[in-house]
Engineer: 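Here it is, the structure in full.
Counting convention: from 1, in listed order, for ligands and their atoms alike.
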Amino acid sequence: MLALGKLLELTLAGREPAEKTQLTVEGVRMRWLSEGALEVRPPEARDNGLDLLLSAGIHGNETAPIELLDRLLHDIARGDLKPRARILFLFGNPEAIRKGERFVEQDVNRLFNGRHEQSSGSEALRACELERLAASFFSLPDRQRLHYDLHTAIRGSKIEQFALYPWKEDRQHSRQELARLRAAGMEAVLLQNKPSIVFSAYTYDKLGAEAFTLELGKARPFGQNSGVNVSLLEARLKQIIEGTEPELTEAALDGLQLYSVAREIIKHSDSFRLNLPADVENFSELEVGYLLAEDIANTRWIIEEEGARIIFPNPRVKNGLRAGILVVPTTDENLA
Ligand SMILES: O=C(O)CCC(=O)N[C@@H](CCC(=O)O)C(=O)O
Ligand SMILES: [Zn+2]
C-alpha cells in the first residue's frame, strides 16, 4: 500500500512523509498537506464534481470515526476504492489523538467561526489551520460541497446514531441530505436554529457546504470499537466516494426522527450544578417542571417544554460553554 494511505500511522508518530504526493495504481493522486491532512483527487476524466470533506478526531479520544477514515484511506491507497469525488481527509486534533484525550488544553470544537482568534495555544492554532484547509479545499467553483464531521459521544444514548445539522439565516435544511443520512444509518437529526462555533457550522455557514456533525456511538479507545456499528455509514461513504450511490427518494426519510433545539444550557460559573445522574443517556426525556440545573445568581433551568430530552449533558465544561442541549421533537415542514 502507498505510504500516504497510512496517514493515521504518520499522525500518531508525529511524522511528515518523505514523499508528499503519490499516485495509486488507479491514477488517484494523494497529497499530504499538513499534519493529519490529506487530499485525494481522482483522475480528471473520472471526477464527478463532488468535494467531500471527511473529518474525525476533532476530539482525540473518539477513535471509532478515526478508524473508519483510516479504513477508507487504506482502501483508496490499495486501489480497492476508486474515487470519483475529490476528498479531504482531516484528523482534527493530532496532539489529543496521541494522548487519547478529548482535548489537551481546550476543546477544538468550540474554536471555529472566529473563536480561535480570541484565544491562544496549540488548539486555537489548529482550529485556524483546519478552517484554512477546509476553505482552500472548498474554494473551487461549481462543485457540490459536502462535509461529515464524525464523532462519538461521552455517554450512551437512547438514540445511538444521530446527526446535528447547522443553521444559517435564510438557508433551509435539505430533505435530500436528510434522506442520505437516513440511508447512512442515522436514526435522528437535530436541526439547529442558531449560529454555532463547531467545525460543521463553519463549513456550512462560511463555505457553503452541506455539513453535519455525526454522532456514531460511545467513545472508546483504539481497538475497542466493536460496539460501534458504522457499517451502514461506511457502505454509504464508499458509494458517495465512488459515485455509485442509489438515487434517494423522499420516502427514504421515513422513520428519521427530527428534533429542534429548545434551549442550550450554558454554564456561567463554578457554582453550576446539573441535576442529572452521571450515567444519564443522551435523549433521556425530562418532565415538565423538572429542575435541570442551577447556577450563580439564582439562575434555575426548569423544564417547560413537553417532550423535552437532554443531549450532551456535561457540567465539567469551561464557564461560558454549552453544558447540555434541550431538544424537542419537530416536523419536516420547513425542509427544502
Ligand atoms: O458526548 C458529548 O457530550 C459530546 C459529544 C461531541 O463531541 N459532540 C459534538 C457535537 C458538535 C455539534 O454541536 O455539532 C461536540 O460537542 O463538539
Ligand atoms: Zn466529539
Engineer: Of the non-hydrogen atoms in Glu287 and Ile303, which two are nearest, and what is the gap between them?
Structural biologist: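 Heavy atoms of Glu287 and Ile303 come nearest at O-CB, 3.3 Å.
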
Engineer: Can a donor-acceptor pair be found, under 3.5 Å and without considering hydrogens, that links the side chain of Glu242 to the backbone of Lys82?
Structural biologist: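 The answer is yes, because a donor-acceptor pair under 3.5 Å joins these two groups.
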
Engineer: If the cut-off is 4.0 Å to any non-hydrogen atom of His59, which atoms of ligand 1 fall inside it?
Structural biologist: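 Answer, ordered by atom number: 7 (O), 15 (C), 17 (O).
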
Engineer: How close does the nearest protein non-hydrogen atom get to atom 16 (O) of ligand 1, and which residue and atom is it?
Structural biologist: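 Result: Arg110 NH2, 2.7 Å.
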
Engineer: Show me the donor-acceptor pairs, under 3.5 Å and distance only, between side chains in residues 305-312 and residues at least two apart or in other chains.
Structural biologist:
residue	atom	partner	partner atom	Å
Glu305	OE1	Arg263	NH2	3.2
Glu305	OE2	Arg263	NE	2.9
Glu305	OE2	Arg263	NH2	3.3
Arg309	NH1	Phe283	O	3.2

Engineer: Could you tell me whether Arg171 atom CZ has more than 12 heavy atoms of other residues or ligands within 6.0 Å of it?
Structural biologist: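 More than 12 heavy atoms, drawn from other residues, nucleotides or ligands, come within 6.0 Å of this atom.
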
Engineer: Going by the atom numbers of ligand 1, which of them fall below 4.0 Å from some non-hydrogen atom of Glu62?
Structural biologist: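 The list of qualifying atoms is 7 (O).
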
Engineer: Number the atoms of ligand 1 from 1 as they appear, then name those within less than 4.0 Å of a heavy atom of Ile154, with their elements.
Structural biologist: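 That gives atoms 1 (O), 2 (C), 3 (O) of ligand 1.
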
Engineer: Identify, by atom number and element, the atoms of ligand 1 in contact range of Asn109, meaning under 4.0 Å from any of its heavy atoms.
Structural biologist: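 Per the distance check, 11 (C), 15 (C), 17 (O).
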
Engineer: With a 3.5 Å distance limit and no angle check, can you tell me whether Gln161 reaches the backbone of Asn229 through a side-chain donor-acceptor pair?
Structural biologist: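 Here the side-chain-to-backbone pair exists.
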
Engineer: Given 3.5 Å as the limit, does a donor-acceptor pair link the side chain of Asp47 with the main chain of Arg86, or not?
Structural biologist: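 Side chain of Asp47 to backbone of Arg86, a donor-acceptor pair under 3.5 Å: no, none is there.
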
Engineer: N/O to N/O below 3.5 Å, does that happen between Arg102 and ligand 1?
Structural biologist: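 There is such a contact, yes.
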
Engineer: Using heavy atoms and a 4.0 Å limit, tell me yes or no: is Val198 in contact with ligand 1?
Structural biologist: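 So Val198 counts as touching ligand 1.
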
Engineer: Can you give me the closest heavy-atom contact between Gln172 and Asn334, atom names plus distance?
Structural biologist: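 In this case the closest contact between Gln172 and Asn334 is NE2-O, 3.1 Å.
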
Engineer: Any side-chain donor paired with an acceptor under 3.5 Å for Lys158 and Asn282?
Structural biologist: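 Short answer, no.
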
Engineer: Around the Zn ion (ligand 2), how many protein N/O/S atoms fall inside 2.8 Å?
Structural biologist: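 Every protein N, O or S atom under 2.8 Å from the Zn ion (ligand 2) counted, the figure is 4.
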
Engineer: Taking distance alone, with N or O pairs closer than 3.5 Å, would you say Arg322 contacts ligand 1?
Structural biologist: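 Indeed, backbone or side chain, Arg322 has an N or O that close.
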
Engineer: Do the side chain of Arg98 and the main chain of Thr11 share a donor and acceptor less than 3.5 angstrom apart?
Structural biologist: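 Side chain of Arg98 to backbone of Thr11, a donor-acceptor pair under 3.5 Å: yes, one is there.
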
Engineer: Using modelled atom types and a 3.5 Å cut-off, is there a donor and acceptor pairing between side-chain atoms of Arg155 and backbone atoms of Val280?
Structural biologist: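 At least one qualifying donor-acceptor pair exists.
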
Engineer: Nearest protein heavy atom to atom 5 (C) of ligand 1, by residue and atom, and its distance?
Structural biologist: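 Of the protein heavy atoms, Glu215 OE2, 3.5 Å lies nearest.
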
Engineer: I need the atoms of ligand 1 closer than 4.0 Å to a non-hydrogen atom of His151, numbered in the order shown.
Structural biologist: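 Near His151, the atoms of ligand 1 are 7 (O).
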
Engineer: Starting from atom 14 (O) of ligand 1, find the nearest protein heavy-atom neighbour and note its residue, name and distance.
Structural biologist: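 Here the closest protein heavy atom is Thr213 OG1, 2.7 Å.
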
Engineer: Please name the pair of heavy atoms, one in Leu214 and one in Ala163, separated by the smallest distance, quoted to 0.1 Å.
Structural biologist: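 What the structure gives for the nearest pair is CD2-CB, 3.5 Å.
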
Engineer: Hey, do the aromatic rings of His147 and Phe199 have their centres closer than 6.0 Å?
Structural biologist: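 Yes, they do, as the ring centres are separated by less than 6.0 Å.
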
Engineer: Looking only at non-hydrogen atoms, which of Phe312, Tyr204, Phe103 approaches atom 3 (O) of ligand 1 most closely?
Structural biologist: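 Heavy atom nearest to atom 3 (O) of ligand 1 belongs to Phe312.
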
